[in-house]
Amino acid sequence: MNFRKFLTAQSILITAGSVVFPFYLLLIKNVGESYSQFGWAYGLFTLSAAFTYPIIGRFGDKFGDKRMLLMYTWGMAAVMLIIPLLIHVWQVYIIQIVMGILGAVHKNTEKAFLARDIDKSIAGKRIGSYHLNVSIWSGLGIILTGYLIDFLTIASLFYLISFVYILASFVILKAPKE
């Protein structure tokens with residue numbers, strides 16, 4: 001996968017995640033009964049990511065960045081379809097564990113791709129440009145969602161973002177082989 005396709009896919013993926021994050025927080029707050037449950041939910045997310053990073057790293061080296069990003073996009077598309085259906089805190093905990101693992105896939109693949117792709121003499125410039133692009137798209141997505149949510153239900157936002165994850169998978173699938 002070349003840098004341009006990677007940047008396009010990442011811009012879509014990071015925007016999708018940024019758009020649903022504030023609304024996901026509201027959903028978790030409505031399902032739980034206490035701040036300790038909220039703490040457990042995010043703790044499980046972080047710990048599941050932490051414990052799977054070494055495994056994900058080996059899988060990334062073995063299967064390649066393109067396959068790992070596809071696993072992430074399809075996994076997150078499925079998760080977005082499930083989130084509006086959550087009614088019990090234990091369901092949130094399971095989703096948080098799954099999202100932690102998928103988050104590890106995404107973050108590890110992002111960094112591995114950048115490490116493999118970048119000429120060391122311009123690494124800082126390339127990474128800075130990369131973060132500028134994905135951050136701009138993320139910010140614009142959040143702002144536009146603030147207006148869009150007035151016309152949608154929160155559940156429909158998750159369904160829409162599931163579709164966006166699938167769109168990102170097409171960008172990745174069209175990318176040349178590694």
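Below, each value reflects all heavy atoms present in this structure, side chains not excepted, and no hydrogens, waters or symmetry copies. These numbers were taken from a predicted model, which means no experiment stands behind them.
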Determine whether Glu110 and Asp65 make a side-chain contact, defined as any pair of heavy atoms from C-beta on separated by less than 4.5 Å. no
Donor-acceptor under 3.5 Å (Asn108 side chain, Ala104 main chain): no
Looking at side-chain heavy atoms only, is the closest gap between Leu69 and Gln10 below 4.5 Å? yes
State, to 0.1 Å, how close Thr15 and Gly141 come at their nearest heavy-atom pair, and which atoms those are. CG2-CA, 3.8 Å
So Leu148 and Leu160, do their side chains get closer than 4.5 Å, heavy atoms only? yes
Give the minimum heavy-atom separation between Val105 and Met68, together with the two atoms involved. CG1-O, 3.3 Å
State, yes or no, whether a side-chain contact exists between Phe6 and Leu114 at a heavy-atom distance under 4.5 Å. yes
Flag the pair Leu81 / Phe158 as yes when at least one side-chain heavy-atom distance between them is below 4.5 Å, and no otherwise. no
Minimum heavy-atom separation for Ala49 to Gly100, with atom names? CB-O, 3.2 Å
Straight-line distance of Phe151 CZ to Leu157 CG, nearest 0.5 Å: 14.0 Å
Counting C-beta onward and ignoring hydrogens, is there a side-chain heavy-atom pair between Trp40 and Gln96 closer than 4.5 Å? no
Looking at Gly43, is its backbone amide N or carbonyl O close enough to the side chain of Thr46 to form a donor-acceptor pair, meaning the two atoms are under 3.5 Å apart? no
Minimum heavy-atom distance between Ala41 and Val92, given as atom pair plus value: CB-CG1, 4.1 Å
For Ser156, is there any backbone N or O sitting under 3.5 Å from a side-chain donor or acceptor partner on Thr153? yes
Derivation and outcome, side chain to side chain contact (heavy atoms under 4.5 Å, CB included), residues Ile166 and Thr73: CA-CA 7 Å; Ile166 295 298; Thr73 59; over 6 Å; no
Suppose we call two aromatic rings close when their centres sit under 6.0 Å apart. Are Tyr159 and Phe163 close by that rule? no
Report the distance from atom CD1 of Ile94 to atom CG of Leu86, rounding to the nearest 0.5 Å. 9.5 Å
Of all heavy-atom pairs between Ile12 and Ala168, which one has the smallest distance, and what is that distance? CG2-CB, 3.6 Å
Looking only at heavy atoms, what is the nearest atom pair of Tyr53 and Gly103, with distance? OH-O, 4.3 Å
Verify the distance criterion only: is there a donor paired with an acceptor across the side chains of Tyr93 and Gln37 at less than 3.5 Å? no
Option from Val134, Ile172, Leu13, Val171 for which side-chain contact (heavy atoms from CB on, under 4.5 Å) with Thr8 holds: Val171
Under 3.5 Å, side chain of Thr109 to main-chain N/O of His106, donor-acceptor pair present? no
About how many Å separate NZ of Lys174 and CE of Met1, when rounded to the nearest 0.5 Å? 14.0 Å
Please verify the inter-ring angle class for Tyr72 with Tyr165; under 30° counts as parallel, over 60° as perpendicular, anything in between as tilted. perpendicular
So Trp90 and His88, would you call those rings parallel, tilted or perpendicular, with 30° and 60° as cut-offs? parallel
Would you indicate whether the side-chain heavy atoms of Ile14 and Trp137 approach each other to under 4.5 Å? no
Check whether Thr52 reaches the backbone of Ser48 with its side chain - one donor and one acceptor, N or O, closer than 3.5 Å. yes
Can you tell if the side chain of Asp61 reaches within under 4.5 Å of the side chain of Arg116, non-hydrogen atoms only? yes
Is there a donor-acceptor contact under 3.5 Å linking the side chains of Ser138 and Ser18? yes
Go through Met99 and Ile83 one step at a time and tell me if the side chain to side chain contact (heavy atoms under 4.5 Å, CB included) criterion holds. CA-CA 11 Å; Met99 287 176 58; Ile83 286 174; 4.1 Å; yes
